[in-house]
2 protein chains.
Amino acid sequence: MSRPPRARESVLDAYEDVVIADGPAAATMDAVARAAGVSKGGLLYHFASKDALQSAVIERMSSRGVAEMADVATSPVGAIAAFMRSSIMHNTPFDRTIVTVSRLAQNGDAVASDALRRLRDVWEETLRPHTRDETALQLVMLVSDGLYFNNALSTGSVPGPDLDDDALGALIALVERSAV
Amino acid sequence: MSRPPRARESVLDAYEDVVIADGPAAATMDAVARAAGVSKGGLLYHFASKDALQSAVIERMSSRGVAEMADVATSPVGAIAAFMRSSIMHNTPFDRTIVTVSRLAQNGDAVASDALRRLRDVWEETLRPHTRDETALQLVMLVSDGLYFNNALSTGSVPGPDLDDDALGALIALVERSAV
DNA sequence: GTCTATATACAGATAGAC
DNA sequence: GTCTATCTGTATATAGAC
């Protein structure tokens, strides 16, 4: 927990790479081992099962997600703007982790789904004091969900609103007018 | 295309049931056959491969999605409100189909991803004349994406903003004030 | 800590009876 | 049009050498 072994972390990174690029279906132990540059046996030394790999990436998301929200809450540009900006993907470690877990959830992993719901609840609680009422809070949460969803889809090849920085700025301004 | 065989349609329904309840990973040919109440051989008479099953559900989504949007565009309550209401899940045939395809896309199916992007483009074009500017259009699209995303996750067990009808009404009013 | 080799299981798909 | 039986490939996981 405190100082995770380097090799373990890099295997976890490789797992995320494969899930993001090709989807959970393609993330076999063989494929992950190849991506991590180790043999299957080497992979299984660090993660005794595929389930262990999934659990580890889910824990990683939860801890990174709470840390991210602490930054958002204290951002100088305001929590709402910071939250919305954090919702578009910049391929940060946290972005990659949450996309991975979202895909596992969509694939039917109940543990991943639960972890996502809990994280979303933390975000909602954090933002509530920064919005004028419940409706405004829902607006912010849903736009953020939409940004995430589109970006999550687009990585392994897909849609996306393709918001450039100006468009995102305008959207944030609009949401702040409506919600803050 | 014009008058699809009943048995074929009910197999497709069963496929959606399994994907929605347990995810694409659990939607094996065996599981689908069981859900459809036929043997594996019977299933394979209608759909010669798993790929054929996926293609069929994707085509189903595209045709149903265009039909849905025609209704939205001519709704008496206005296109934006109708669109937002249509974005929350009521377990309609179309809802079930789009959730299924979303999950296939998240699973790494590129054909599913492309079909979703094309459908989203159709929606965007349809709504553009009903919004005051591009930013407003993006707001509407993203809230809709967020509603879909949450609902899509929640079926196989997950999150969801749990908007009741009053809350949805308030949200629609807020978005219309901001975007129409 | 990392490897090769292998056991076990199961998914997708075929063949052919009814 | 639906069935049973079966082949083949591939995925997870174990055993044990280095």
Side-chain angles (χ1 to χ4, degrees), chain A residues 1-58 100-101 103-104 106-112 156, chain B residues 1-58 100-101 103-104 106-112 156:
Chain A
M1 268 282 169
S2 30
R3 220 169 347 91
R6 265 159 210 61
R8 228 183 103 97
E9 291 298 301
S10 77
V11 165
L12 220 42
D13 290 340
Y15 177 61
E16 290 178 357
D17 289 343
V18 178
V19 171
I20 290 170
D22 304 318
T28 63
M29 296 301 263
D30 272 294
V32 173
R34 211 177 314 121
V38 296
S39 71
K40 207 198 289 200
L43 168 61
L44 283 160
Y45 170 77
H46 295 289
F47 296 95
S49 70
K50 193 170 190 180
D51 212 71
L53 208 46
Q54 291 166 345
S55 299
V57 81
I58 290 167
T100 301
V101 176
R103 293 198 168 194
L104 295 181
Q106 292 279 321
N107 202 301
D109 185 319
V111 182
Chain B
M1 268 284 167
S2 29
R3 223 172 341 94
R6 267 159 209 61
R8 227 184 104 97
E9 291 299 299
S10 76
V11 165
L12 220 41
D13 291 339
Y15 176 61
E16 290 178 357
D17 289 344
V18 178
V19 172
I20 290 170
D22 304 318
T28 64
M29 296 300 264
D30 272 292
V32 173
R34 211 177 314 122
V38 297
S39 70
K40 206 199 285 204
L43 167 61
L44 283 160
Y45 170 79
H46 295 290
F47 296 95
S49 68
K50 192 170 190 179
D51 212 71
L53 207 47
Q54 291 165 347
S55 299
V57 81
I58 290 167
T100 301
V101 175
R103 293 197 167 193
L104 295 181
Q106 291 279 321
N107 200 285
D109 185 318
V111 182

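Side-chain atoms are counted along with the backbone in the values below, which use heavy atoms only and exclude waters and symmetry mates. Note on naming: letters A, B, ... go to the chains in the order of the sequence lines (proteins, then strands), and numbering restarts at 1 for each one.
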**Asked** B:Lys50 side chain to B:Ala27 main-chain N or O, any donor-acceptor pair under 3.5 Å?
**Response** yes
**Prompt:** Please give, in whole Å, the distance from D:dC7 P to B:Lys40 NZ?
**Reply:** 14 Å
**Message:** Is it the case that the side chain of A:Arg103 and the backbone of B:Asn107 share a donor-acceptor pair, with hydrogens and angles ignored and the cut-off at 3.5 Å?
**Reply:** no
**Item:** Nearest-Å distance for atom pair CE/C1', residues B:Met29 and D:dT6
**Value:** 16 Å
**Request:** Whole angstrom is fine here: how far is it from CZ in B:Phe47 over to P in D:dT2?
**Result:** 12 Å
**Prompt:** Between C:dT2, D:dC3, D:dA13, which nucleotide gets closest to the side-chain atoms of B:Ser39?
**Reply:** D:dC3
**Asked** Given atom CZ of A:Arg34 and atom P of C:dC3, what is their separation to the nearest angstrom?
**Response** 14 Å
**Prompt:** Any side-chain N or O of A:Tyr45 less than 4.0 Å from the OP1 or OP2 oxygen of C:dG1?
**Reply:** yes
**Message:** Nearest to the side chain of B:Lys50, heavy atoms from C-beta on, is which of D:dT12, C:dG12, C:dT4?
**Reply:** C:dG12
**Complete:** Here the distance between atom P of D:dA13 and atom NE2 of A:His46, to the nearest Å, is 16 Å
**Asked** How long is the line joining CG of A:Leu53 and P of D:dA13, in whole Å?
**Response** 10 Å
**Complete:** Picking from D:dT12, C:dA11, C:dC3, the nucleotide nearest the side-chain atoms of B:Asp30 would be C:dA11
**Asked** Does A:Val32 reach the side chain of A:Phe47, with side-chain heavy atoms less than 4.5 Å apart?
**Response** no
**Asked** Whole-Å distance between D:dT12 P and A:Tyr15 OH?
**Response** 10 Å
**Asked** With a 4.0 Å cut-off on heavy atoms, is B:Thr28 in touch with a base, just the backbone sugar-phosphate, or nothing at all?
**Response** sugar-phosphate
**Prompt:** Between B:Leu44 (CG) and D:dC3 (C1'), how many Å, whole number?
**Reply:** 12 Å
**Prompt:** Is any side-chain heavy atom of A:Gln54 closer than 4.5 Å to a side-chain heavy atom of A:Leu104?
**Reply:** yes
